[in-house]
Amino acid sequence: MTITTVSENASFGGIQGVYSHDSRECACTMRFALYKPPAAETEPRPVVFWLSGLTCTEENFTVKAGAQRMASELGLVVVAPDTSPRGVDLPGEDDSYDFGSGAGFYLDATEAPWSAHYRMESYITGELPALIFKHFPARADRQAITGHSMGGHGALTLALKNPETYASVSAFSPIVAPTQVPWGQKALAGYLGEDRQAWSRYDATQLVKDGHRLPSSILIDQGTADDFLEQELRPNLFEDACREAGQPVEIRMQEGYDHSYFFIATFIEDHLRFHARNLRD
């Protein structure tokens, strides 16, 4: 479990780093970004995992979201992994933006050839945090998770399946019901095959219907000017499922905001403060 430092830059009194390592789960070299706040110089700090969306790498959030200032103030370690394995030379991995490279969907693929490398669920919930807790001053008993679009889908599903691990979860413009929308149907069929029962394990709306719960409320921000709102995101489906199940959720429809990082940068402070409150001892 060794890591290689790709870059480190001073930022708001802390260090914004990018690192790589040989991944056992993904059978390739993986990269992640990690912000270490100044408070981590004296004691391990709570950690927030950020999961990015389609086409992204660890760089998008790190450079565009402007999270470092608030992470420094709140004393949060913030980890942003890549969205998929890279350079594994699978046939068709670079043919489309919504499947293959940059589109791991935070699941463990069961269909060949994807199953040999596309194990992002096990990577995010097992291998990566173990690496973080070994090499960085982050607290294993204080974890939260958030993300955008495909990453919002990942944050919601992983939190719902691991409520003992994550103290809180939030999302920006998440794909809340992938079994019912084109992005999700393409990915789930390609990675998991045609068994729709297997798909339901990666659908936040279905997980809530099937009895999965979180002890704290879920925070979701969704822009009203998002081009993908009606066809791919459909937050009303998740809101309805949570209401019927008694799962607390706050879905804030933000007037005039789209799917871009301008949207994320506007509300990232709210989300980090939300997680900091839930991560307190």
Side-chain angles (χ1 to χ4, degrees), residues 1 21-32 49-58 79-94 96 98-133 143 145-166 169 171 174-181 183-212 214:
M1 296 180 70
H21 70 104
D22 292 331
S23 169
R24 177 188 67 255
E25 291 289 355
C26 299
C28 67
T29 299
M30 295 291 290
R31 287 165 59 121
F32 63 92
F49 288 90
W50 169 271
L51 306 184
S52 292
L54 290 168
T55 76
C56 291
T57 70
E58 78 289 339
V79 179
D82 202 348
T83 52
S84 77
R86 303 279 175 175
V88 293
D89 298 325
L90 297 182
E93 68 179 0
D94 297 318
S96 61
D98 54 358
F99 186 80
S101 294
F105 269 82
Y106 305 102
L107 52 74
D108 285 349
T110 56
E111 291 292 296
W114 311 100
S115 56
H117 298 280
Y118 280 65
R119 296 184 50 79
M120 292 299 292
E121 178 178 25
S122 292
Y123 178 71
I124 296 297
T125 60
E127 183 178 13
L128 179 61
L131 192 74
I132 299 302
F133 301 134
Q143 299 181 57
I145 193 165
T146 182
H148 173 231
S149 194
M150 178 185 71
H153 140 77
L156 292 172
T157 57
L158 297 182
L160 284 164
K161 288 189 283 187
N162 299 277
E164 72 288 347
T165 298
Y166 302 107
V169 59
I175 306 170
V176 298
T179 62
Q180 301 183 55
V181 301
W183 274 346
Q185 291 167 347
K186 178 179 179 178
L188 296 174
Y191 294 131
L192 303 175
E194 297 301 327
D195 179 7
R196 287 182 171 259
Q197 188 64 35
W199 295 11
S200 64
R201 293 186 58 249
Y202 298 103
D203 184 306
T205 298
Q206 191 59 48
L207 287 170
V208 169
K209 290 181 177 181
D210 289 344
H212 291 264
L214 291 170

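Keep in mind the model is a prediction, meaning the values are calculated, not measured. Computed from heavy atoms alone, side chains included, the values below leave out hydrogens, waters and symmetry copies.
- Residues Met120 and Leu107 are not in side-chain contact: their nearest non-hydrogen atoms beyond the backbone lie 4.5 Å or more apart.
- The CG atom of Leu207 lies 5.0 Å from the NE2 atom of His212; values are rounded to the nearest 0.5 Å.
- Under the side chain to side chain donor-acceptor pair (under 3.5 Å) criterion, Trp183 pairs with Tyr97, sequence neighbours left out.
- Inter-residue side-chain proximity for Glu93 and Ser84 is flagged as unmet; no heavy-atom pair is nearer than 4.5 Å.
- Within the structure, side chain to side chain donor-acceptor pair (under 3.5 Å) contacts touching residues 117-131 (residues at least two apart or in different chains) are His21-Tyr123, Ser23-Glu127, Glu25-Arg119, Asp108-Ser122, Arg119-Ser122, Glu121-Lys161, Glu121-Tyr202.
- Note on residues 145-159: pairs passing side chain to side chain donor-acceptor pair (under 3.5 Å), not counting sequence neighbours, are Thr146-Ser170, Ser149-His259.
- Put simply, the side chain of Thr55 never gets that close to the backbone of Gly102: no donor and acceptor are under 3.5 Å apart.
- Taking 4.5 Å as the limit, some side-chain heavy atom of Phe105 sits within range of a side-chain heavy atom of Leu54.
- With sequence neighbours left out, the salt bridge (charged side-chain N to carboxylate O under 4.0 Å, His left out) criterion links Asp82 to Arg86.
- The closest donor-acceptor contact from the side chain of Asn162 to the backbone of Thr165 lies at 3.5 Å or more, if one exists at all.
- For the side chain to side chain donor-acceptor pair (under 3.5 Å) test, residues two or more places apart in sequence or in another chain that qualify with Ser101 are Asp94.
- With a 4.5 Å cut-off on side-chain heavy atoms, Leu156 and Val176 count as touching.
- Partners of Gln180 under the side-chain contact (heavy atoms from CB on, under 4.5 Å) rule, at least two apart in sequence or in another chain, are Ala177, Arg234, Leu237.
- Minimum heavy-atom separation, Val169 to Ala155: CG2-O, 3.5 Å.
- Pairs passing the salt bridge (charged side-chain N to carboxylate O under 4.0 Å, His left out) check and including a residue from residues 145-155, sequence neighbours excluded, do not occur.
- Applying the side chain to side chain donor-acceptor pair (under 3.5 Å) test to Asp195 and every residue at least two apart in sequence or in another chain returns nothing.
- Looking only at side-chain heavy atoms (C-beta outward), Thr179 and Gln185 stay at 4.5 Å or farther from each other.
- Residues satisfying the side-chain contact (heavy atoms from CB on, under 4.5 Å) test with Thr110, not counting sequence neighbours, are Leu192.
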Could you please spell out the steps behind the ring-ring contact (aromatic ring centres under 6.0 Å, His included) verdict for Tyr191 and Trp199?
CA-CA 10 Å; Tyr191 294 131; Trp199 295 11; over 10 Å; no
Verdict with supporting geometry, Ile145 and Leu51, side-chain contact (heavy atoms from CB on, under 4.5 Å):
CA-CA 8 Å; Ile145 193 165; Leu51 306 184; 3.9 Å; yes
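- In terms of heavy atoms, Phe49 sits closest to Pro129 at CZ-CB, 4.0 Å.
- Judged as a ring-ring contact (aromatic ring centres under 6.0 Å, His included), and not counting sequence neighbours, the contacts of Phe32 are Tyr19.
- Rounding to the nearest 0.5 Å gives a distance of 8.0 Å between CG of Asp203 and CG of Leu188.
- For Ser115, there are no side-chain contact (heavy atoms from CB on, under 4.5 Å) partners two or more places apart in sequence or in a different chain.
- By the side chain to side chain donor-acceptor pair (under 3.5 Å) test, Arg31 pairs with Glu58, sequence neighbours left out.
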